[in-house]
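Quantities reported herein were computed from a predicted structural model and do not represent experimental measurements. Counting from 1, the numbers follow the sequence of the chain as shown.
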Amino acid sequence: KILSNTYDVILLDIMMPNITGTEILQRINKQLPERKGKIIITTNLELPTEDRNHIEALVDGYVIKASVTPKELVEYVDRLF
């Protein structure tokens, strides 16, 4: 469904069953080099700085789920547009 390129925002968790969010992100960027929607990585993982910086360079936002309320998440998404 992501490849339909009709989404405004994709909240993509890093840890999912069977595949990681970073693998999905790589597929999206390869198959949709001119994607329409924003991608925000969501995680509670403590990543090494180098890994986090690499991921952040590929997306429009990066959110630590435990540090944000639903209202703050909505405000964060609004700031991206």
Side-chain angles (χ1 to χ4, degrees):
K1 291 184 177 190
I2 290 172
L3 297 179
S4 70
N5 208 20
T6 59
Y7 294 93
D8 293 323
V9 176
I10 297 168
L11 298 176
L12 183 59
D13 202 334
I14 289 180
M15 294 301 296
M16 295 183 291
N18 305 320
I19 189 169
T20 67
T22 52
E23 291 171 315
I24 291 173
L25 179 60
Q26 290 171 347
R27 290 181 185 185
I28 292 169
N29 287 335
K30 181 179 180 181
Q31 295 181 34
L32 281 178
E34 296 184 30
R35 65 178 156 79
K36 174 184 162 267
K38 307 280 188 191
I39 297 178
I40 300 171
I41 290 290
T42 64
T43 188
N44 276 329
L45 289 178
E46 187 75 31
L47 294 177
T49 302
E50 184 177 315
D51 293 344
R52 180 176 171 159
N53 290 343
H54 174 74
I55 292 170
E56 284 187 284
L58 300 173
V59 296
D60 303 291
Y62 190 101
V63 174
I64 305 297
K65 294 184 291 187
S67 301
V68 66
T69 66
K71 181 180 179 182
E72 290 169 333
L73 179 59
V74 169
E75 291 169 352
Y76 181 83
V77 170
D78 283 344
R79 286 192 303 271
L80 292 177
F81 289 93

Check for me, please, whether [X] and [Y] land in the same ILVMFWY cluster - side-chain distances under 4.5 Å, paths through other members count.
X: V74; Y: V59; value: no
X: I19; Y: I40; value: no
X: L47; Y: V68; value: no

Evaluate whether atom CE of M15 has more than 12 neighbouring non-hydrogen atoms of other residues, nucleotides or ligands under 6.0 angstrom away.
-> no
So K65 and D13, side chain to side chain contact (heavy atoms under 4.5 Å, CB included) or not? Walk me through it.
-> CA-CA 9 Å; K65 294 184 291 187; D13 202 334; 2.6 Å; yes
Interatomic distance, [X] atom [atom1] to [Y] atom [atom2] [nearest 0.5 angstrom]:
X: I14; Y: T20; atom1: CD1; atom2: OG1; result: 8.0 Å
X: Y62; Y: N53; atom1: OH; atom2: CG; result: 9.5 Å
X: S67; Y: L73; atom1: OG; atom2: CG; result: 12.0 Å
X: K1; Y: I10; atom1: NZ; atom2: CD1; result: 12.5 Å
X: K71; Y: E75; atom1: NZ; atom2: CD; result: 5.5 Å
X: I39; Y: L11; atom1: CD1; atom2: CG; result: 10.5 Å

Would you check if [X] and [Y] make a side-chain contact, meaning some heavy-atom pair closer than 4.5 Å?
X: D51; Y: T22; answer: no
X: V63; Y: Y76; answer: yes
X: L80; Y: V9; answer: no

For Y7 and K36, indicate whether the former's side chain and the latter's backbone hold a donor-acceptor pair under 3.5 Å.
->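 It does not hold such a pair.
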Under the 3.5 angstrom rule, does the side chain of N5 hit a backbone N or O of R35 as a donor-acceptor pair?
-> no
Qualifying residue for side-chain contact (heavy atoms from CB on, under 4.5 Å) with I55, from T43, L12, I41 = I41
Take R27 and I2, measure what side chain to side chain contact (heavy atoms under 4.5 Å, CB included) needs, and give me the verdict at the end.
-> CA-CA 10 Å; R27 290 181 185 185; I2 290 172; over 6 Å; no
